[in-house]
There are 2 protein chains.
Amino acid sequence: MMHISTKGEYGVRVMIDLARYYNKKLRSLTDISQDEGLPVQYLEQLIKKLRDADLVMSARGAHGGYQLSRPPEEIRMSEVLSVLEGALAPYACLSVNGAEAACGWDKLGSCSTRSLWARLQDAIISTLESITLNELVDTAPHTPIRMPEQQQNIKIQL
Amino acid sequence: MMHISTKGEYGVRVMIDLARYYNKKLRSLTDISQDEGLPVQYLEQLIKKLRDADLVMSARGAHGGYQLSRPPEEIRMSEVLSVLEGALAPYACLSVNGAEAACGWDKLGSCSTRSLWARLQDAIISTLESITLNELVDTAPHTPIRMPEQQQNIKIQL
DNA sequence: ATTAATTCTGAGTGAGTTACTCGGATTAAG
DNA sequence: CTTAATCCGAGTAACTCACTCAGAATTAAT
């Protein structure tokens with residue numbers, strides 16, 4: 001029911017790749033794309049978000065590329081994913097700063113589902129905050145691969 | 001980033017409504033629709049899933065309607081939401097019976113993001129399993145309302 | 001200087017999903 | 001027989017996703 005889009009999936013893979021080369025050398029998108037098996041031009045879009053959020057730094061021109069702007073152990077998955085998937089709660093029910101306006105139902109005094117989504121959100125956020133980039137690097141042996149067949153969303157089964 | 005669609009949101013609201021009338025009387029969709037402020041014909045689709053999953057029972061004809069097939073305290077939100085949102089993990093990375101085939105990357109020996117999604121899934125499932133219908137009924141005072149403005153997805157902010 | 005390698009940027013696109021609506025068939029109560 | 005309800009399948013406008021395309025800007029190496 002809940003799914004991570006390829007933005008999140010690919011973006012995390014890019015971050016893991018960059019973590020492997022942290023403090024070693026710059027990584028170009030074509031290199032990342034080949035080693036991780038992901039479409040370059042799509043990655044350009046994703047990494048722009050990561051750069052805007054100051055999670056990665058870039059160097060332009062020949063022999064340019066990207067690198068993490070912080071050590072992997074200081075990068076939490078909550079940050080990475082909220083940047084990639086574009087977090088924002090249009091329904092103020094779930095806005096983080098509770099001061100925001102209420103949703104349509106809430107204004108009328110009874111938002112029966114609010115506590116449900118709130119607890120779900122808490123669970124998601126706290127687990128993602130508890131996982132840092134270096135944990136993922138450690139568990140994954142690095143063997144460059146080719147791209148699998150056409151991608152789709154990754155659905156999380158309940 | 002992760003969002004609950006109106007299927008999940010509306011479906012939960014319907015279940016809460018039915019829980020309020022559990023063992024009292026049948027509830028017709030038009031009644032539910034008016035009291036909860038939701039489009040009838042859309043609810044027809046949703047409640048079909050709930051019935052197929054044996055979460056609710058129906059009676060046809062005049063004075064027909066729906067009722068829960070189990071007491072609210074025996075209905076977990078994990079059940080309700082998986083029925084409504086249609087759970088299935090196309091990427092076997094996340095299939096519940098671990099015996100399934102691996103995803104494209106996994107076959108090649110390195111699925112670096114697997115442990116991340118697995119931990120996220122665990123968190124989501126366990127929180128939803130821990131919440132039963134009657135909890136939501138208790139916290140929400142019942143005041144029939146009209147439909148708010150046009151609905152959209154409910155996004156969960158990170 | 002020129003070329004090649006790279007980041008950057010904006011626009012476009014085909015396929016799929018979402019959130020519904022429409023039209024009607026079936027069933028049962030009064 | 002009429003009315004109230006569940007059932008069922010199809011259709012649709014708007015949106016999102018997962019990309020691609022085309023090209024401008026920047027820099028290193030030759």
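Throughout, protein chains are lettered first and strands after them, A, B, ... in sequence-line order, and every chain is numbered starting at 1. Values reported hereafter were calculated over all heavy atoms of this structure, with side chains retained and with hydrogens, waters and symmetry mates removed.
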Which nucleotide, [options], lies nearest any side-chain atom of [X]?
{"X": "A:Thr30", "options": "D:dA22, C:dT21, C:dT6", "answer": "C:dT6"}
{"X": "A:Ala62", "options": "C:dC20, D:dT3, C:dA4", "answer": "C:dA4"}
{"X": "A:Leu29", "options": "C:dT7, C:dT9, D:dA29", "answer": "C:dT7"}
{"X": "B:Ser5", "options": "C:dA19, C:dA29, D:dC19", "answer": "C:dA19"}
{"X": "B:Lys48", "options": "C:dC22, D:dC8, C:dC20", "answer": "D:dC8"}
{"X": "A:Tyr10", "options": "D:dC19, D:dC17, D:dT3", "answer": "D:dC19"}
{"X": "B:Pro39", "options": "D:dC19, C:dT21, D:dC7", "answer": "C:dT21"}

Examine B:Arg27 relative to B:Tyr21 and say whether NZ or CZ is less than 6.0 Å from the centre of the six-membered ring and inside a 45° cone about the ring axis. yes

Taking [atom1] from [X] and [atom2] from [N], how many angstroms apart are they, rounded to a whole number?
{"X": "B:Gln34", "N": "D:dA5", "atom1": "CD", "atom2": "C1'", "result": "14 Å"}
{"X": "B:Tyr42", "N": "D:dC7", "atom1": "OH", "atom2": "C1'", "result": "18 Å"}
{"X": "A:Ile4", "N": "D:dT16", "atom1": "CD1", "atom2": "C1'", "result": "16 Å"}
{"X": "B:Gln41", "N": "D:dT12", "atom1": "CD", "atom2": "C1'", "result": "14 Å"}
{"X": "B:Glu85", "N": "C:dA19", "atom1": "CD", "atom2": "P", "result": "8 Å"}
{"X": "A:Lys49", "N": "C:dC8", "atom1": "NZ", "atom2": "C1'", "result": "16 Å"}
{"X": "A:Tyr66", "N": "C:dA5", "atom1": "OH", "atom2": "P", "result": "17 Å"}
{"X": "B:Leu43", "N": "D:dC8", "atom1": "CG", "atom2": "P", "result": "17 Å"}

Under 3.5 Å, is there any donor-acceptor pair linking the side chain of [X] to the base of [N]?
{"X": "B:Glu44", "N": "D:dC7", "answer": "yes"}
{"X": "B:Arg60", "N": "D:dT6", "answer": "yes"}
{"X": "A:Gln45", "N": "D:dT20", "answer": "yes"}

Crowding at CZ, B:Arg76 (>12 non-hydrogen neighbours, <6.0 Å): no

Hey, which sits more toward the 5' end of DNA chain D by its nearest nucleotide, A:Lys7 or A:His63? A:Lys7

Is a donor from one side chain sitting under 3.5 angstrom from an acceptor on the other, for A:Tyr42 and A:Ser33? no

Do B:Thr113 and A:Glu9 get their side chains close enough for a donor-acceptor pair, meaning under 3.5 Å? yes

Could you check whether any side-chain N or O of B:Ser78 sits under 3.5 Å from a backbone N or O of B:Ile125, counting only pairs where one atom can act as donor and the other as acceptor? no

Is there a side-chain polar atom (N or O) of B:Ser58 under 4.0 Å from OP1 or OP2 of D:dC7? yes

Should B:Arg51 be listed as having a side-chain N or O under 4.0 Å from OP1 or OP2 of D:dC8? yes

What I'd like to find out is whether the side chain of B:Leu43 reaches to under 4.5 Å of the side chain of B:Leu46, using heavy atoms alone. yes

